[in-house]
Q: 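Let me begin by handing over the structure; questions about it come next.
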Amino acid sequence: MNFFRSTLLHAALVLPLLLGAGTAQATTIQGSSDGKFSNVSHCWGTCYVFDRSGKPDSKLAWGFGLFTNGSTLLAQERQWNVDLAQANDVVLAELVWTNRATVDWLTPDRFNVDYTLNIRFNQPNAVSDKEVFNFSILNTANPAGDVLMGLTLADLSGLSFALDGLEISDLKYQLAGAGSFDGTYWFNPESRTSTMYITADFKAKPVVVTPPPAEVPEPGSMALLATGLLGLGLLRRRKP
């Protein structure tokens, strides 16, 4: 009887976990992100931030003249709605850098700007976080190309999301288009466009099954055992 009760208890513990694991496999991951530029320094009036009213995109521009186009860095809004089965390399953020040859006296050799990334999840539950990146942009002599510094793994590790039944992993940078990225320097040649993505993988949290505690003899069973032992003792004493 005790074995049967133990088996039922173990099944009652395991079944909800297995059903929960099946639900996690059908989980939809939904959310959005945007970025903002602020605190431009060492640019002496030749750098501009454009935040369009009602639009989530933010644009940083520098090196513009009366007859020349300057360079731009666009913080592009992103949205995602994916099933867990396809939740690898999900793009959570996007920066688009268009680098142009600019007039020397209009272009600072090096300037700084803050980029604030806001990430929001709606499913499987509502949770959000943000991180501030400190960019330094180095404008080298034309036509070599320019360099952006400030995309670090330490900044990515500051992002944290408590998603129901899910784990987020392999949060990283991925480059598309022109240029190169070595983990420190994002290089973009003159007259080219380079795009940097921040991506992540999602997976279901592992199911942990805790076995039921060992059976403790019931008081009735203990009393029956004691009575039996007492009876054996009395029989042994009555033997001639």
Side-chain angles (χ1 to χ4, degrees), residues 13-39 49-60 72-97 113-135 148-177 181 183-184 186 193-210:
L13 288 171
V14 172
L15 186 58
L17 292 173
L18 293 178
L19 292 175
T23 302
Q25 292 300 324
T27 296
T28 297
I29 304 165
Q30 185 182 86
S32 63
S33 72
D34 61 67
K36 299 294 182 184
F37 296 109
S38 61
N39 301 325
V49 173
F50 299 95
D51 289 324
R52 295 177 294 172
S53 177
K55 300 292 184 180
D57 302 339
S58 181
K59 181 189 289 186
L60 171 70
T72 59
L73 184 63
L74 177 67
Q76 183 77 48
E77 182 196 24
R78 294 292 308 196
Q79 296 182 353
W80 54 91
N81 188 350
V82 298
D83 293 332
L84 184 59
Q86 288 82 41
N88 290 325
D89 290 333
V90 178
V91 176
L92 303 182
E94 178 181 353
L95 289 167
V96 181
W97 179 11
V113 63
D114 290 342
Y115 164 60
T116 302
L117 172 62
N118 303 289
I119 298 179
R120 300 167 296 273
F121 286 91
N122 303 321
Q123 292 186 17
N125 57 294
V127 64
S128 63
D129 199 4
K130 67 178 181 179
E131 185 67 25
V132 179
F133 299 76
N134 306 117
F135 288 169
L148 185 150
M149 296 169 285
L151 293 168
T152 68
L153 291 178
D155 289 315
L156 288 186
S157 65
L159 292 166
S160 178
F161 306 97
L163 297 171
D164 292 345
L166 298 179
E167 291 181 348
I168 183 170
S169 63
D170 201 19
L171 198 59
K172 63 181 181 293
Y173 303 105
Q174 291 196 45
L175 185 68
F181 180 63
T184 302
W186 178 9
T193 296
S194 184
T195 302
M196 185 68 73
Y197 298 111
I198 295 176
T199 67
D201 296 342
F202 297 85
K203 62 181 180 180
K205 288 183 178 178
V207 177
V208 179
V209 179
T210 304

Q: For the CD1 atom of I168 and the CD1 atom of I119, what is their distance to the nearest 0.5 Å?
A: 7.0 Å
Q: Evaluate the side-chain proximity of Y197 to T195: yes if any heavy-atom separation is below 4.5 Å, no if none is.
A: yes
Q: Could you tabulate the donor-acceptor pairs under 3.5 Å formed by side-chain atoms of residues 156-167, not counting sequence neighbours?
A:
from: S157; atom 1: OG; to: A154; atom 2: O; distance (Å): 2.6

Q: Minimum heavy-atom separation for S33 and A93, please, with both atom names.
A: OG-CA, 3.9 Å
Q: D83 versus T28: any side-chain heavy-atom pair under 4.5 Å?
A: yes
Q: Considering residues, nucleotides and ligands other than K172, do more than 12 of their heavy atoms fall under 6.0 Å from its NZ?
A: yes
Q: Hey, what do you get for CG (D170) to CZ (F202), rounding to the nearest 0.5 Å?
A: 11.0 Å
Q: Roughly how far, to the nearest 0.5 Å, is the CG atom of L148 from the OG1 atom of T184?
A: 12.0 Å
Q: Testing the basics here: between M196 and L175, what is the closest heavy-atom pair and its distance to 0.1 Å?
A: CE-CD1, 3.9 Å
Q: Over all heavy atoms of both residues, which pair between F133 and L117 is shortest? Give the atoms and the distance, please.
A: CE1-CB, 3.9 Å
Q: Where do N88 and D201 land on the side-chain contact (heavy atoms from CB on, under 4.5 Å) test, with the steps shown first?
A: CA-CA 4 Å; N88 290 325; D201 296 342; 3.8 Å; yes
Q: Looking at S32 and Q79, what are the two nearest heavy atoms and their distance?
A: CB-CG, 3.9 Å
Q: How long is the straight-line distance from CD of Q123 back to CD of Q30, given to the nearest 0.5 Å?
A: 4.5 Å
Q: Work out which heavy atom in F181 is nearest to a heavy atom in L151; give both atom names and the distance.
A: CZ-O, 3.7 Å
Q: Could you pull out all residues at least two apart from D114 that satisfy side chain to side chain contact (heavy atoms under 4.5 Å, CB included)?
A: S38, N39, V132, N134
Q: Any donor-acceptor pair under 3.5 Å linking the side chain of D57 with the backbone of E77?
A: yes
Q: Got a sec, which residues hit ring pair (Phe, Tyr, Trp, His ring centres under 6.0 Å) with F135, two or more places apart in sequence or on another chain?
A: Y115
Q: Would you indicate whether the side-chain heavy atoms of Y173 and W186 approach each other to under 4.5 Å?
A: no
Q: Counting distance only, does the side-chain N/O of T27 pair as donor-acceptor with the main-chain N or O of L84 below 3.5 Å?
A: no
Q: Is F121 close to I29 at the side-chain level, that is, under 4.5 Å between some pair of heavy atoms?
A: yes
Q: Of the non-hydrogen atoms in V49 and S58, which two are nearest, and what is the gap between them?
A: CG1-OG, 4.0 Å
Q: Let's go through R120 and D34 carefully: what are the C-alpha distance in whole Å and the side-chain angles of both, what is the deciding distance for side-chain contact (heavy atoms from CB on, under 4.5 Å) to 0.1 Å, and is it a yes or a no?
A: CA-CA 9 Å; R120 300 167 296 273; D34 61 67; 3.0 Å; yes
Q: Measuring from N118:CG to D129:CG, what's the distance to the nearest 0.5 Å?
A: 9.5 Å
Q: About how many Å separate CG of L73 and CZ of F37, when rounded to the nearest 0.5 Å?
A: 4.0 Å
